[in-house]
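Below is one structure; the comments refer to it alone.
Numbering of ligands and ligand atoms starts at 1, following listing order.
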Amino acid sequence: GTPADNSSAPVVELEDVTFGYASTPVVRNVSLRIDAGEYVAVVGPNGSGKSTLMRLVLGLLRPDQGTARTFGELAHDFDDGSRIGYVAQRSGAEREMPITVREVVKMGRFPHVRFGLLSAEDWRIVDRALETVGMGSFADRRITQLSGGQRQRAFIARALAGEADLLVLDEPTVGVDAESVEAFYALLESLNDSGITVLLVEHDLGAVTDHAERVVCLDGGIRFDGDSEAFLESEALVEAFGLTTRPGSDRR
Ligand code: ADP
């Protein structure tokens with residue numbers, strides 16, 4: 001249908017969302033509003049419902065109770081998939097596909113073109129996306145030949161080619177070598193500076209507190225939601241992670 005004018009709606013709006021795979025809810029009474037341009041990190045112990053929450057935001061799961069909206073529409077009905085770019089923890093599917101980086105990024109254009117036929121302008125958008133993530137010179141490489149960090153950049157480029165204005169990333173730097181991790185976060189920050197909303201699940205608290213403005217700490221329900229400086233002083237940090245010292249404080 002014709003999208004309503006939801007330009008002022010929050011990018012993500014969860015209202016009292018409860019969800020369980022079986023009888024026990026793993027996400028409980030979560031209310032969360034994310035506005036355009038925010039950079040939000042979701043943290044929490046293993047099994048605390050972070051990936052489930054992302055699936056609810058992506059509309060892959062429907063809440064048992066409450067409502068999940070993206071761009072003002074119910075998440076599971078939201079059909080403009082290209083506005084939301086999803087970067088999974090090493091997805092796996094691409095390992096089977098011996099296709100080039102440019103072909104992966106091209107897929108980002110599919111919601112915008114008919115029959116998979118790209119115009120010259122579409123190809124320019126693809127190449128611009130590759131440049132933006134610093135992968136221009138790898139366009140003709142096979143995706144299977146890339147390092148973990150390069151591959152994640154390629155998936156971000158695919159989202160940019162689709163003109164995503166929300167990036168959802170679920171532990172994107174697992175398996176990425178240490179030097180590339182910082183560059184990856186620098187890229188996310190510059191995309192956020194350009195107006196893209198970032199919703200990131202991250203296990204590395206140092207990365208979270210260095211880069212995210214806002215931290216949501218989940219343990220079934222939301223234990224903390226506020227700025228990252230306050231998170232470092234919070235009980236939630238101790239309760240969720242058993243940490244009493246500032247993450248990264250021993251770094252040089
Ligand atoms: P996190 O991302 O914080 O580690 P998850 O959202 O993956 O947490 O998992 C939350 C809980 O839901 C865990 O107990 C997990 O075992 C369970 N769970 C996750 N995915 C499924 C699934 N597809 N089917 C059944 N249970 C699941």
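- Between T173 and V181, the shortest heavy-atom contact is CB-CG2, 4.0 Å.
- Scanning both residues, G108 and P111, for their nearest heavy atoms gives O-CD, 3.3 Å.
- Under the 4.5 Å side-chain heavy-atom criterion for Ile, Leu, Val, Met, Phe, Trp and Tyr, L188 and V174 are members of distinct hydrophobic clusters.
- As a member of the Ile/Leu/Val/Met/Phe/Trp/Tyr network built from side-chain separations under 4.5 Å, L74 groups with nothing else and remains a singleton.
- A donor atom on one side chain and an acceptor atom on the other are found under 3.5 Å apart for T67 and E15.
- Within the cation-pi definition used here (under 6.0 Å to the ring centroid, within 45° of the axis), R62 does not qualify as a partner of F19.
- Sorted by chain and number, the heavy-atom contacts of ligand 1 below 4.0 Å come from Y21, V26, P45, N46, G47, S48, G49, K50, S51, T52, R55.
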